[in-house]
Protein chains: 2
Amino acid sequence: MPEPSLGILLFVAHRELERRVLDGVRAAGFDVTLAQSRVFQRLDEGGSRITHLAESAGVTKQTAGYLVDQLEEAGFVERVPDPSDARARLVRVTSRGREAVAVARPIEAQVYAEWAAYVGVRDFERLADTLARLRPITDPYA
Amino acid sequence: MPEPSLGILLFVAHRELERRVLDGVRAAGFDVTLAQSRVFQRLDEGGSRITHLAESAGVTKQTAGYLVDQLEEAGFVERVPDPSDARARLVRVTSRGREAVAVARPIEAQVYAEWAAYVGVRDFERLADTLARLRPITDPYA
DNA sequence: GCAAACTAGTCAGAACTTCTGACTATCATA
DNA sequence: TATGATAGTCAGAAGTTCTGACTAGTTTGC
């Protein structure tokens, strides 16, 4: 058992990355909360259903619906009918949402660059690769 | 920029580990919430101050105090005076708290074993090692 | 076809978590 | 010993998430 536990290490790394990106996006004038960003991040290019977003983000569909309401009101996403199923609606990123992504990406890349410089590019890439290979068993709703 | 992003990979790995351990601890009859467990995990052997717990868990000290109240009521921790500072009190794990830890540890180890088997022991150990080396810049309150 | 079971999403209400701001008690310092 | 800093709590509000019940639309099996 490593000390500190791998759990804490995963947690603090994720929290730091999330904090940096969210701070930057907010500083650029996009008013997003942590919970909103976690749903927003998981939107697929072609749009996602609420139920899928909920599973993917690990919250109930009521919660996902509530957060999508907020994102919609802020103009970051829109709901459109799902042509393949009249019960469902697709949540899609709007152009304003894409502007926020355009701010977030370079900040994320900057953090990765700092981490890679700190532990070495090779080890950083191995870290990302191993986590990606682990994903099938860590994220059943990938 | 990897796809999916490293942020999501860190998140899902942490969430899966946390879920497994928390499910197991609850199944053993210890009624703990996610927020409580996150504070509890960060207790030092000799006891921790509320302010330190708050910084380490990334919440305000009011929130940490509130969660410690709950943990105290459930019997997992106790508050004792800090001999070195009469303003402060130390939050310490009780014997009941230690029982919960005794349930959590093997579950955690089991998850690690599964992950190591899935990606290979060497890569798993590298993952843990790289995250540990990254910690100084991901966790200023280590 | 059509009734039964299932799925997508919402509504209502409660519980939990977290925050801001203000406050008391104690400590450190000059 | 006055001044500013620190540990922690209290009060109140906001944000997040849950359980349970519900409507509308889809799929399946007879």
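Naming: A, B, ... by sequence-line order, numbering from 1 per chain. Keep in mind the model is a prediction, meaning the values are calculated, not measured.
No single ILVMFWY cluster, assembled from side-chain heavy atoms under 4.5 Å apart, contains both B:F11 and A:V21.
Side-chain proximity of A:A86 to the nucleotides D:dT26, D:dC18, C:dT17 is greatest for D:dT26. Distance from the side chain of A:A35 is smallest for D:dT17 among the nucleotides C:dT17, D:dA7, D:dT17. Residue B:K61 has its side chain nearest to D:dA7 when only D:dA7, D:dT17, C:dG9 are considered.
Between A:Y66 atom OH and D:dT19 atom C1' the separation is 17 Å, expressed in whole Å. As a whole-Å value, the separation of B:D69 CG from C:dT18 C1' is 14 Å. Rounded to whole angstrom, the span from the CG atom of B:L34 across to the C1' atom of C:dA15 amounts to 15 Å. The nearest whole Å value for the distance from the CD atom in A:Q70 to the C1' atom in D:dT17 is 12 Å. In this structure, the CZ atom of A:R19 is 17 Å from the P atom of C:dT18, given to the nearest Å. The interatomic distance linking B:L53 (CG) with C:dT18 (C1') rounds to 16 Å, in whole Å. A:D31 places its CG atom 15 Å from the P atom of D:dA14, with the value rounded to the nearest Å. A straight line from CG of B:L90 to C1' of D:dG8 spans 13 Å, rounded to a whole angstrom.
Residue A:R79 is classed as a sugar-phosphate contact, given heavy-atom separations below 4.0 Å to backbone atoms only. Using a 4.0 Å heavy-atom distance criterion, A:D85 is classed as a sugar-phosphate-only contact.
In this structure, A:T94 contributes its side chain and A:F76 its backbone to a donor-acceptor pair below 3.5 Å. Listed for the A:D82 side chain is a donor-acceptor partner under 3.5 Å among the backbone atoms of A:S84. For the pair A:S37 (side chain) and A:L34 (backbone), a donor-acceptor distance under 3.5 Å is present.
Between the side chain of B:Q62 and the base of C:dG21, at least one donor-acceptor pair of N or O atoms lies under 3.5 Å. Counting atom types as modelled, A:R87 pairs no side-chain N or O with a base atom of D:dT26 as donor and acceptor under 3.5 Å.
Between B:R49 and D:dA7 there is a side-chain polar atom (N or O) within less than 4.0 angstrom of OP1 or OP2. OP1 or OP2 of D:dT9 lies within a sub-4.0 Å distance of a side-chain N or O belonging to B:R89. In this model, the phosphate group of D:dC18 is approached by a side-chain N or O of A:T63 to a distance below 4.0 Å at OP1 or OP2. The side chain of A:T51 contributes no N or O atom lying less than 4.0 Å from OP1 or OP2 of C:dT7. For A:T60, a side-chain nitrogen or oxygen approaches OP1 or OP2 of D:dC18 to under 4.0 Å.
Applying side chain to side chain contact (heavy atoms under 4.5 Å, CB included) to B:H14 and the options A:I8, A:L6, A:L10 leaves one that passes, A:L10.
Along DNA chain D, the nucleotide nearest B:I50 and the nucleotide nearest A:V59 are compared for position; the residue whose nucleotide lies closer to the 5' end is B:I50.
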- request: Run the numbers on B:D123 and A:R133 for salt bridge (charged side-chain N to carboxylate O under 4.0 Å, His left out), then give the verdict.
  value: CA-CA 10 Å; B:D123 285 351; A:R133 283 191 294 124; 2.6 Å; yes
